[in-house]
Amino acid sequence: MNIQHIPLIKHSDSGNFFLLAGPCAIEGEEMAMRIAEKLVGITDKLEIPFVFKGSFKKANRSRIDSFSGIGDEKALKILRKVSETFGVPTVTDIHTNEDAEMAAQYVDVLQIPAFLVRQTDLVMAAANTGKVVNLKKGQFMSPESMKHAVQKVLDCNNQNVMVTDRGTMFGYQDMIVDFRGIPTMQNYATTVLDVTHSLQQPNQTAGVTGGRPDMIETVAKAGIAVGVDGIFIETHFDPANAKSDGANMLHLDYFEGLMTKLVAIRKTINQF
């Protein structure tokens with residue numbers, strides 16, 4: 001997939017990696033607009049093609065009392081407002097066939113969560129909207145197996161598909177990234193590295209996922225060094241009080257510094 005097929009994408013000829021970034025979940029309009037404004041400023045300055053990310057609903061919670069959203073239509077309207085205000089594309093997760101049709105009215109990229117990427121009907125429902133589809137590699141899947149998920153989208157006459165590595169389960173409560181999988185998956189589709197979810201520590205006894213945000217820069221640098229096409233990072237101005245996945249998000253204050261380093265690495269890699 002050529003990233004120029006993503007509506008509203010900017011800086012696609014800069015030679016940079018592209019970026020999917022934003023909060024884990026849409027908690028409200030003010031927070032979404034605040035994060036988006038900061039990210040747009042950084043990515044415009046560094047000429048990074050940017051897609052704003054925010055989940056309109058969190059359906060895969062460990063506990064029934066965990067935050068799942070502010071209301072589907074309300075959150076989707078906020079995503080559309082971000083796009084219209086800043087002139088950037090948006091991406092959100094979907095969990096059901098009905099979600100695909102609904103979210104497609106508001107966003108540019110539909111993302112299939114890792115736990116659901118083998119659900120054929122869901123993948124096809126996303127593909128049939130004609131939107132760009134981002135398939136997150138299941139934590140339980142090999143890189144090679146993602147070619148079948150990609151083929152499902154292609155078989156729906158939708159060429160705009162990408163895959164995202166978000167780590168592989170290591171034991172019960174840790175994730176690892178096998179960087180050999182990036183060139184493997186690039187044989188099938190444009191490939192993204194989800195840095196922050198790759199640093200999750202799931203299945204904690206408290207029912208709230210932990211994480212290793214101190215390793216975000218390490219994993220991101222490694223991904224750029226091996227030539228990944230895109231980077232996915234969740235960020236928040238107050239991760240400690242974020243309503244979802246705060247334990248592994250990057251603080252918004254550190255975002256520009258990290259992106260500056262990654263752009264420098266990409267510029268060097270492009271020489272080889």
Within-4.5 Å side-chain heavy-atom neighbours: [X] and [Y]:
X: Thr191; Y: Met146; value: no
X: Met33; Y: Ile78; value: no
X: Tyr106; Y: Glu73; value: yes
X: Thr260; Y: Leu46; value: yes
X: Asn97; Y: Leu122; value: yes
X: Ile233; Y: Met259; value: yes

Is a donor on one side and an acceptor on the other found under 3.5 Å between the side chain of [X] and the backbone of [Y]?
X: Thr43; Y: Val40; value: yes
X: Asn158; Y: Lys131; value: yes
X: Asp108; Y: Thr90; value: yes
X: Lys147; Y: Met185; value: no
X: Thr268; Y: Ala264; value: yes

Looking only at heavy atoms, which two atoms of [X] and [Y] are closest? And how far apart?
X: Thr196; Y: Glu234; answer: OG1-N, 3.1 Å
X: Thr184; Y: Pro143; answer: CG2-CB, 4.0 Å
X: Ile265; Y: Ile224; answer: CG2-CG2, 3.6 Å
X: Ser198; Y: Gly167; answer: OG-N, 3.3 Å
X: Ala32; Y: Ile26; answer: CB-CD1, 4.1 Å
X: Met249; Y: Pro23; answer: SD-CA, 4.4 Å

Does [X] share a hydrophobic cluster with [Y], counting links as ILVMFWY side-chain heavy atoms below 4.5 Å and allowing steps through other members?
X: Val107; Y: Val51; result: no
X: Val109; Y: Val192; result: yes
X: Met102; Y: Met124; result: no
X: Val117; Y: Tyr188; result: yes
X: Val228; Y: Val219; result: yes

* Pairs flagged by ring-ring contact (aromatic ring centres under 6.0 Å, His included) wherever residues 229-252 is involved - sequence neighbours left out ->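 Of all non-adjacent pairs touching residues 229-252, those that pass ring-ring contact (aromatic ring centres under 6.0 Å, His included) are His197-Phe232, His251-Tyr254.
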Count the heavy atoms of every other residue, nucleotide or ligand shown that sit under 6.0 Å from [atom1] of [X], and state whether that count exceeds 12.
X: Glu101; atom1: CD; value: no
X: Glu144; atom1: CD; value: yes
X: Lys10; atom1: NZ; value: yes
X: Phe170; atom1: CZ; value: no

Any chance the side chains of [X] and [Y] put a donor and an acceptor closer than 3.5 Å?
X: Thr164; Y: Asp194; result: no
X: Asp229; Y: Gln186; result: yes
X: Lys57; Y: Thr92; result: no

* Asked: What residues, two or more places apart in sequence or in another chain, satisfy side chain to side chain donor-acceptor pair (under 3.5 Å) together with Asn2?
  ->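 Side chain to side chain donor-acceptor pair (under 3.5 Å) list for Asn2, sorted by chain: empty.
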* I would like to know whether Lys137 and Ser145 meet side-chain hydrogen bond (donor to acceptor under 3.5 Å, both in side chains); could you show each step before the answer? => CA-CA 9 Å; Lys137 184 183 81 65; Ser145 65; over 6 Å; no
